[in-house]
*Asks:* 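Pasting a structure below so you can have a look.
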Amino acid sequence: MDDEQERLLPIANVGRIMKQILPATAKISKKAKQTLQECSTEFISFVTAEASDKCHKENRKTVNGDDICWALSTLGFDNYSEAMVRYLNKYREAERQKPDLNKAGSSNPDQDKQQLEESNNGNDQLGKQNNEDPSS
């Protein structure tokens, strides 16, 4: 495998994500998957490089979610940045709640299941918001 292929996102994952948004009967050409694979990899590299530069200037070695959100905003992707900030906050809240759920154990599995479903529903709603036209 050459260096170019190694730095690209896995094409199977790209295809799977593409299929999620399209009707079940839609077909996706190999060239379409490859094009989106290259574009999405370039976009991620672009944003990550901006975040990494910020960290380097601040003498930090680790890029975190806040740095990515900052980079998106700095690069003019404000709609994406706002959505990512909301998602990051929900993710962090869910991570904070995990120890509480583990402590409670299986004392109330129905309640644990309901909390998990509510959390997942919030993430689904966020995903639907992100599919809206970013220029609006």
Side-chain angles (χ1 to χ4, degrees):
M1 189 181 285
D2 65 356
D3 290 339
E4 175 75 12
Q5 283 299 107
E6 287 182 11
R7 73 171 194 86
L8 295 174
L9 295 170
I11 197 153
N13 294 4
V14 172
R16 199 173 310 116
I17 293 168
M18 292 172 76
K19 285 179 184 179
Q20 288 177 354
I21 195 70
L22 296 171
T25 57
K27 296 191 185 285
I28 306 169
S29 72
K30 184 177 180 181
K31 184 65 179 168
K33 290 177 190 175
Q34 289 172 334
T35 301
L36 199 58
Q37 177 191 36
E38 292 170 14
C39 291
S40 55
T41 300
E42 185 64 28
F43 178 76
I44 290 168
S45 297
F46 181 56
V47 173
T48 303
E50 187 72 19
S52 181
D53 287 347
K54 176 183 188 262
C55 291
H56 181 72
K57 289 175 187 172
E58 295 175 358
N59 294 319
R60 293 188 292 121
K61 293 182 180 180
T62 304
V63 176
N64 62 40
D66 294 316
D67 298 321
I68 298 297
C69 294
W70 174 88
L72 284 166
S73 181
T74 299
L75 294 169
F77 298 104
D78 294 324
N79 289 343
Y80 296 112
S81 174
E82 292 166 9
M84 286 295 293
V85 166
R86 288 191 306 269
Y87 180 83
L88 186 58
N89 289 335
K90 286 181 183 237
Y91 174 79
R92 287 176 175 161
E93 181 61 32
E95 286 297 303
R96 278 193 294 271
Q97 290 177 358
K98 275 185 182 179
D100 294 340
L101 290 175
N102 289 339
K103 285 180 190 173
S106 299
S107 61
N108 192 345
D110 292 334
Q111 184 180 10
D112 292 348
K113 182 179 177 185
Q114 182 181 359
Q115 287 176 339
L116 182 61
E117 287 173 355
E118 288 172 1
S119 175
N120 287 340
N121 186 33
N123 290 340
D124 289 346
Q125 293 301 319
L126 180 61
K128 289 176 185 173
Q129 291 172 354
N130 290 343
N131 288 334
E132 295 173 357
D133 182 12
S135 61
S136 58

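Quick caveat, the model's predicted, so the values are computed rather than measured.
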*Asks:* State, without any angle test, whether N13 and R16 hold a side-chain donor-acceptor pair at a distance under 3.5 Å.
*Replies:* yes
*Asks:* With sequence neighbours left out, which residue pairs that include part of residues 39-50 fulfil the side chain to side chain donor-acceptor pair (under 3.5 Å) condition?
*Replies:* none
*Asks:* Could K98 and E95 be called an ion pair, given the rule that one side-chain N must be under 4.0 Å from one carboxylate O?
*Replies:* yes
*Asks:* Treat each ILVMFWY residue as a node, draw an edge where side-chain heavy atoms are under 4.5 Å apart, and state whether W70 and Y80 are in one component.
*Replies:* no
*Asks:* Are L9 and M18 connected in the hydrophobic side-chain network, where two residues link if heavy atoms are under 4.5 Å apart?
*Replies:* yes
*Asks:* Between K90 and E93, does the salt bridge (charged side-chain N to carboxylate O under 4.0 Å, His left out) criterion hold? Intermediate values first, please.
*Replies:* CA-CA 5 Å; K90 286 181 183 237; E93 181 61 32; over 6 Å; no
*Asks:* Would you kindly confirm whether L75 and M84 end up in one hydrophobic cluster when ILVMFWY residues are joined by side chain heavy atoms under 4.5 Å apart?
*Replies:* yes
*Asks:* Check this for me, if you would: do D66 and R92 make a salt bridge, where the nitrogen-to-carboxylate-oxygen distance has to be below 4.0 angstrom?
*Replies:* yes
*Asks:* What are the two closest heavy atoms between S73 and D78, and how far apart are they?
*Replies:* OG-OD1, 3.1 Å
*Asks:* Do L22 and I17 share a hydrophobic cluster (ILVMFWY, side-chain heavy atoms under 4.5 Å, transitive)?
*Replies:* no
*Asks:* Does any donor atom in the side chain of E38 or Q34 lie under 3.5 Å from an acceptor atom in the other side chain?
*Replies:* no
*Asks:* If you group Ile, Leu, Val, Met, Phe, Trp and Tyr by side-chain heavy-atom gaps below 4.5 Å, do V14 and I28 land in one group?
*Replies:* yes
*Asks:* Indicate the atoms forming the closest heavy-atom contact of V63 with S52, along with that distance.
*Replies:* CG2-CA, 3.9 Å
*Asks:* To the nearest 0.5 Å, tell me how far K31 NZ sits from L36 CG.
*Replies:* 12.0 Å
*Asks:* Between CG of N64 and SG of C69, what distance do you get to the nearest 0.5 Å?
*Replies:* 9.0 Å
*Asks:* Write down the atom of Q37, the atom of P10, and the distance for their closest heavy-atom approach.
*Replies:* NE2-C, 4.1 Å
*Asks:* Apply side-chain contact (heavy atoms from CB on, under 4.5 Å) to T74 and K54, showing your working.
*Replies:* CA-CA 11 Å; T74 299; K54 176 183 188 262; over 6 Å; no
*Asks:* Only pairs at least two apart or in different chains count here, so list each ring-ring contact (aromatic ring centres under 6.0 Å, His included) that has a residue in residues 23-68.
*Replies:* F43-F77
*Asks:* At their closest point, which heavy atom of C55 faces which heavy atom of D67, and how far apart are they?
*Replies:* SG-OD2, 3.1 Å
